[in-house]
Amino acid sequence: MTVPDKPTLDGLEDRWSTRWEADGTYRFDRTRPRSEVYSIDTPPPTVSGSLHIGHVFSYTHTDAVARFQRMRGKAVFYPMGWDDNGLPTERRVQNHFGVRCDPSLPYQPDLVLDPGAGGAAAGRGEELVSVSRRNFVELCERLTAEDEQVFELLWRTLGLSVDWSMSYATIDERSRRASQRAFLRNLERGEAYAADAPVLWDVDFQTAVAQAELEDREQPGAYHRIAFPRVGTDGDAVVIDTTRPELLAACVALVAHPDDERYQPLFGTEVTTPLFGVAVPVLAHRLADPEKGSGIAMICTFGDTTDVTWWRELDLPVRTIVGRDGRIESQPPIALAIPAAEEAWAQIAGRTVKQARRTIVELLAASGALLGEPRAITHPVKFFEKGDRPLEIVSSRQWYLRNGGRDAEVRAELVDRGRSLRWHPPYMQARFENWVEGLTGDWLISRQRFFGVPFPLWYRLRADGTTDLEAPIIPDEADLPVDPASEAPPGFTEDQRGRPGGFVGDPDVMDTWATSSLTPQIATGWEDDPDLFARTFPMDLRPQAHDIIRTWLFSTVVRSHLEHGQLPWTDAAISGWVLDPDRKKMSKSKGNVVVPLPLLAEHGADAVRYWAAGGRPGTDTATDLGQMKVGRRLAIKLLNASRFVLGLSPSDPGVGAITEPLDLDMLHRLADVVADATAAFEGYDYTRALERTEAHFWTFCDDYVELVKGRAYGSRGDGPAASAQAALRLSLSIQLRLFAPFLPFVTEEVWSWWQEGSIHQASWPDEAEIRGPLARGPAGVADVAAAVLGELRKAKTAAKRSLRTEVTRAVVVGDAETLERLRAVEADVRDAGRVEDLELVEGSDLSVTATLAPED
RNA sequence: GGGCGCUUAGCUCAGCUGGUGAGAGCACCUGCCUUACAAGCAGGGGGUCGGGGGUUCGAGUCCCUCAGCGCCCACCA
């Protein structure tokens, strides 16, 4: 046993993280059966995102739970995943290297690019170097590999007890195989299907996006009152209000509520569009709101999602004018008969939506069709959560997965799944249920992007060169993953690509959620490693933040429901967010993002973890340097208290030596703490486990240690000293283990002074360790001793005297029961209080009168 | 418009199924070099538990209602 003279926290992170890796301390024992395994569906962080303190926060919560379960004897399956798949990586690669993906270019095997190769203007979209899809993907892989190392360093410094041999990445071969396999099975069962339909479209990223990735943003806009002349009348007009006058040429009808008496006479008649002179019908539909605008609306293909509903339910034609790049098409959607219309079109063709709006408003004003001035408003507009411009709606062929959005029965099944999941905190289930019940359509999983898992499909080209989309060519599961863009389907050769009678590959990739919704399957080796899968799936815990319940959590439940007919895990622990010190949400644009590594360097990992562990499940928590300082003090206190305890005697007198009433009472109180902390942890309330442990520890240091210090040094002989020494050691052992999930470094350091092996493989304390061998003894004596000692201290402090001051005489008044307890620990109290003469007087409330020795 | 959460000392928060005179940490004030720890120790001041109403012998703790803050969702003409 070696107890350092001057224990320190410095360097513990390096020393122990290295040691743990070398010893395989956190290696998953895959010989254990499912019942002895605790498996965690770790959130794969987006590696191309920036590191921030929020990562440290939520991952610490999970790690504390993992360490608790490991100490309880479970084989903990705690892999790390990296989310490197998808748009964030593409965007980062584009900016980092100054490149753009052009799928039409050929692969350049020797392409060498340095960061910023595309020139200083990279990112402004002007001087980007175009590279082939394969080159682009290679750059993505190169950059994410670097990003992953940065994350791994952070996790190791933070002391996450992950098994690094089980890592995966959402773009790696396993993930692509699992993702494609799951999709093909969905396809076979009819759960996946392709459809040509209007979709929400980001004009910058040039891809479709899903409902779950939308967000509303308040945008300035304006109502424009526009008169539509009625066909067959002499100058009569219908006046509509619109915020999107530029879509006039895409108008296919006007619509009002069926009960709206103002417009009932018009139903079934026609009006013509101003400027373009196209005749459109006036129709009735219940979604038209008589209160909004003039109560009658222009239906365009497509201005918003209501337009899509009207278009579908009223069986209207498609007149698309906005292209996928967000610009007005070169040709009008229908023949324009009047010359003025051709002119109007010529002025907007090829322009952006914004430019076209300005032009159309000018033309309308000039023609007299615009009534009055536009009235400025702000209104919510749908954006892709990662996008910069409002979404447009375009018709295109996309892949969908049935998620209950169009099927009440499936929806009900998924709501039931959500109800059988154990949520921490429970109220988060409401978010899940709200979302499922508010779904408006199936899950759109295809993206017109490059860095993602490709759809494992090809299509035959007929003799006339047209594509047969109805019967895709499907690979064998054994051949997955496949890349249909570079591999030929079974029975074809590469030179038949794009030729009549040959084939083409499906050009799309899956959305990143379509892969990350399979993290339980990917991590546990679904189909690839049946033995591992059987031992780890379904998993125990999904830890994640509340903002992605509708995406990650829901989609994972959907995939598992469809594939396995069960939940992917039993418990979901939902963490809150980290707010900046002023309780504002952190965001890059506000510049208030707190980066974690400097904090870890300054305060130490245990201190930062201590702060993080104070955030209960579901609770948003402010970054608090003060709490980190408190955590650091706690860690230092553990070092010093341990040094004291272990320095008292070279060996442990053993539990049998514990006979003193004060020692027994203190230990049984600790047993209560053990029971409480254990129950709290079992309910995922790690914060309470820490609070209880910490509160006991300070009482232990301030009262118990002070009370027994003299006796432990031998003031009353060997027997009483041995009792104190053994009690201190047992108590220290248990308290270190209670702290180990939170403060892995300092507890391991202290453990190494006097114990074999890692504390993180030691057993979680059990109250039976105390209650088994040790009789209860007189209860409540520790409280009485501490109370009397407190009064003695108060007397000394009030007299502005040192705590070493001798008390020549102290009179304690108390009830019979209190005095009885005090007698049991009288010697310890006199020792700690330096009381020469202690008199006990029976009375009512406890009071202590102390006479201090005169000052020198 | 719908849903959820929060509102307890200057600050950050505990207060579990209602019951000994409302707590902790930080901050603040006053002291103490006490042989584990001065990056420490001891002591102290400070709250009509968001407002109102109700149930109860008794309510931060349950019910109703109002207000403020935050988050999620919503068909945005």
Side-chain angles (χ1 to χ4, degrees), chain A residues 3 5-7 9 214-219 221 223-224 240-244 247 254-256 287-289 292-300 303-310 377-382 390 425 427-435 437-438 440 546-547 549-550 576-577 579 581 583 585 614-616 618-622 624-627 629-630 632-648 676 679-680 683 685 687-688 691-692 694-695 698 701-702 705-706 709 713 789-790 792-805 832 834:
Chain A
V3 181
D5 282 340
K6 203 85 178 101
L9 299 177
L214 305 182
E215 66 181 32
D216 285 349
R217 296 184 199 161
E218 281 294 325
Q219 294 288 304
Y223 273 127
H224 301 76
I240 61 105
D241 265 310
T242 181
T243 57
R244 301 206 57 181
L247 295 180
L254 301 190
V255 64
L287 284 183
D289 182 354
K292 218 172 260 182
S294 61
I296 187 164
M298 144 174 115
I299 304 175
C300 303
D304 61 35
T305 51
T306 316
D307 278 344
V308 176
T309 306
W310 281 326
I377 56 162
T378 58
H379 60 155
V381 177
K382 281 198 190 312
Y427 61 75
M428 286 295 176
Q429 190 215 327
R431 300 237 182 143
F432 176 91
E433 217 157 305
N434 281 355
W435 175 254
E437 283 168 350
T440 58
H546 52 67
D547 55 330
I549 289 174
R550 66 174 180 171
W577 280 332
L579 309 173
R583 298 198 65 77
K585 191 175 162 183
R616 294 189 143 73
T619 307
D620 294 345
T621 303
D624 188 345
L625 301 183
Q627 282 303 104
K629 293 194 175 112
V630 171
R632 185 171 179 87
R633 258 177 258 170
L634 174 63
I636 292 171
K637 191 81 172 174
L638 272 167
L639 288 177
N640 288 318
S642 303
R643 189 168 88 92
F644 166 73
V645 169
L646 299 174
L648 286 169
D676 214 19
D685 191 355
T687 305
R688 182 177 172 82
E691 279 173 356
R692 290 286 281 129
E694 186 190 6
W698 286 105
C701 289
D702 296 341
V705 168
E706 293 305 323
K709 194 180 272 181
Y713 279 133
L789 179 61
L792 293 169
R793 285 168 174 161
K794 196 181 293 187
K796 294 176 186 180
T797 300
K800 303 198 174 181
R801 300 288 297 278
S802 159
L803 291 179
R804 284 196 311 179
T805 306
R834 297 177 175 249

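Since the structure is predicted, the reported quantities are computational estimates derived from the model, not experimental observations. Residue numbers begin at 1 in each chain, while the letters A, B, ... track the order of the sequences.
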*Asks:* Roughly, in whole Å, what's the span from CE in Met298(A) to C1' in A77(B)?
*Replies:* 8 Å
*Asks:* State whether Arg801(A) places a side-chain N or O below 4.0 Å from either non-bridging phosphate oxygen (OP1 or OP2) of G31(B).
*Replies:* no
*Asks:* Flag the pair Asp702(A) / Glu706(A) as yes when at least one side-chain heavy-atom distance between them is below 4.5 Å, and no otherwise.
*Replies:* no
*Asks:* Among C37(B), G40(B), A74(B), which is the nearest nucleotide to the side chain of Arg633(A)?
*Replies:* G40(B)
*Asks:* Would you indicate, yes or no, if G44(B) has its OP1 or OP2 atom less than 4.0 angstrom from a side-chain nitrogen or oxygen of Lys794(A)?
*Replies:* yes
*Asks:* From C-beta outward on Trp577(A), which listed nucleotide comes closest to its side chain: C16(B), C72(B), A42(B)?
*Replies:* C72(B)
*Asks:* Could you tell me how far apart Lys796(A) (NZ) and C33(B) (P) are, to the nearest whole angstrom?
*Replies:* 13 Å
*Asks:* How many whole angstroms separate atom CG of Asp702(A) from atom P of G43(B)?
*Replies:* 8 Å
*Asks:* With a non-hydrogen cut-off below 4.0 angstrom, is Trp698(A) in contact with a base, only sugar-phosphate, or nothing?
*Replies:* sugar-phosphate
*Asks:* For Arg431(A) and Glu433(A), what are the C-alpha separation, side-chain angles and deciding distance, and is it a salt bridge (charged side-chain N to carboxylate O under 4.0 Å, His left out)?
*Replies:* CA-CA 5 Å; Arg431(A) 300 237 182 143; Glu433(A) 217 157 305; over 6 Å; no
*Asks:* If we take the C1' atom in both U20(B) and C11(B), what is their distance in whole Å?
*Replies:* 30 Å
*Asks:* Between Phe432(A) (CZ) and G5(B) (P), how many Å, whole number?
*Replies:* 18 Å
*Asks:* Given A42(B), A77(B), A39(B), which nucleotide is nearest the side-chain atoms of Thr797(A)?
*Replies:* A42(B)
*Asks:* Would you mind reading off the distance between Ile549(A) atom CD1 and C71(B) atom P, rounded to a whole angstrom?
*Replies:* 15 Å
*Asks:* Among G15(B), A77(B), C26(B), which is the nearest nucleotide to the side chain of Val630(A)?
*Replies:* C26(B)
*Asks:* Can you give me the closest heavy-atom contact between Tyr223(A) and Gly293(A), atom names plus distance?
*Replies:* OH-N, 4.4 Å
*Asks:* Please determine if Lys709(A) forms a cation-pi arrangement with Phe644(A), meaning its NZ or CZ atom is less than 6.0 Å from the six-membered ring centre and no more than 45° off the ring axis.
*Replies:* yes
*Asks:* Which nucleotide wins on minimum distance to the side chain of Arg431(A), given the candidates C37(B), A39(B), C72(B)?
*Replies:* C72(B)
*Asks:* Map Asp547(A) and Val381(A) onto RNA chain B by nearest heavy atom, then report which one ends up closer to the 5' terminus.
*Replies:* Asp547(A)
*Asks:* C71(B) and G43(B): how far apart are their C1' atoms, nearest whole angstrom?
*Replies:* 43 Å
*Asks:* Could you work out which one of A74(B), C37(B), C4(B) sits closest to the side chain of Glu706(A)?
*Replies:* C37(B)
*Asks:* Do Val381(A) and Arg217(A) have side chains that get closer than 4.5 Å, going by heavy atoms?
*Replies:* no
*Asks:* For G40(B), which nucleotide in any strand shown is its Watson-Crick or wobble partner with both distances under 3.5 Å?
*Replies:* C32(B)
*Asks:* So what does Ala799(A) hit on the nucleic acid, given a heavy-atom distance under 4.0 Å: a base, only sugar-phosphate, or nothing?
*Replies:* nothing
*Asks:* For Glu437(A) and C4(B), what is the distance between atoms CD and C1' respectively, to the nearest whole Å?
*Replies:* 14 Å
*Asks:* U61(B) pairs with which nucleotide, Watson-Crick or G-U wobble, both distances below 3.5 Å?
*Replies:* none
*Asks:* Using the P atom on both, measure C64(B) against C6(B) and round to a whole Å.
*Replies:* 15 Å
*Asks:* For Val645(A), report the nucleic acid contact type (base, sugar-phosphate, nothing); a contact means any heavy atom under 4.0 Å.
*Replies:* nothing
*Asks:* Take atom C1' in G5(B) and the same atom in G47(B), then report the distance between them in whole Å.
*Replies:* 24 Å
*Asks:* Tell me whether the side-chain N/O atoms of Lys6(A) come closer than 4.0 Å to OP1 or OP2 in C37(B).
*Replies:* no
*Asks:* Which of these nucleotides, U34(B), A77(B), C16(B), is closest to any side-chain atom of Arg688(A)?
*Replies:* C16(B)
*Asks:* Quick check: do Gln219(A) and Thr378(A) have side-chain heavy atoms less than 4.5 Å from each other?
*Replies:* no
*Asks:* State the pairing partner of A77(B); accept Watson-Crick or G-U wobble contacts with both distances under 3.5 Å, and report none otherwise.
*Replies:* none
*Asks:* Just the rounded figure in Å: distance from C1' of C75(B) to CG of Leu214(A).
*Replies:* 13 Å
*Asks:* Expressed in angstrom and rounded to an integer, what is the separation of Tyr427(A) atom OH from G5(B) atom P?
*Replies:* 8 Å
*Asks:* With rounding to the closest Å, how many angstrom separate the P atoms on C73(B) and U65(B)?
*Replies:* 26 Å
*Asks:* Need the pair for C16(B). Rule: Watson-Crick or G-U wobble, both distances under 3.5 Å, any strand; none if unpaired.
*Replies:* none
*Asks:* Once you apply the 3.5 Å cut-off to both distances, tell me the Watson-Crick or G-U wobble partner of U48(B), or none.
*Replies:* none
*Asks:* Base, sugar-phosphate or nothing for Lys382(A)? Non-hydrogen atoms, less than 4.0 Å.
*Replies:* base
*Asks:* State the NE2-OG1 distance between His224(A) and Thr243(A), to the nearest 0.5 angstrom.
*Replies:* 8.5 Å
*Asks:* At their closest point, which heavy atom of Thr805(A) faces which heavy atom of Arg834(A), and how far apart are they?
*Replies:* O-CB, 4.0 Å
*Asks:* Which nucleotide sits closest to the side chain of Leu803(A): A14(B), A42(B), A77(B)?
*Replies:* A42(B)
*Asks:* Does C4(B) have a Watson-Crick or wobble mate here (both distances under 3.5 Å), and if so which one?
*Replies:* G70(B)
*Asks:* Can you check G68(B) for me, syn or anti if syn means within 90° of 0?
*Replies:* anti
*Asks:* Name the residue closer to the 5' end of RNA chain B, choosing between Thr306(A) and Gly626(A) according to the nucleotide with the nearest heavy atom.
*Replies:* Gly626(A)
*Asks:* When you measure from the side chain of Asn434(A), which nucleotide among G2(B), C71(B), C37(B) comes out closest?
*Replies:* G2(B)
*Asks:* Using both distances under 3.5 Å as the test, list the Watson-Crick or G-U wobble partner of A9(B), or none.
*Replies:* none
*Asks:* Where the side chain of Ser802(A) is concerned, which of C16(B), A77(B), C32(B) is the nearest nucleotide?
*Replies:* C32(B)
*Asks:* Would a 4.5 Å heavy-atom cut-off, applied to side chains only, mark Arg793(A) and Leu803(A) as touching?
*Replies:* yes
*Asks:* Can you check whether Arg550(A) has a side-chain N or O nearer than 4.0 Å to OP1 or OP2 of C73(B)?
*Replies:* yes
*Asks:* Please determine whether a side-chain nitrogen or oxygen atom of His224(A) lies at a distance below 4.0 Å from atom OP1 or OP2 of A77(B).
*Replies:* no
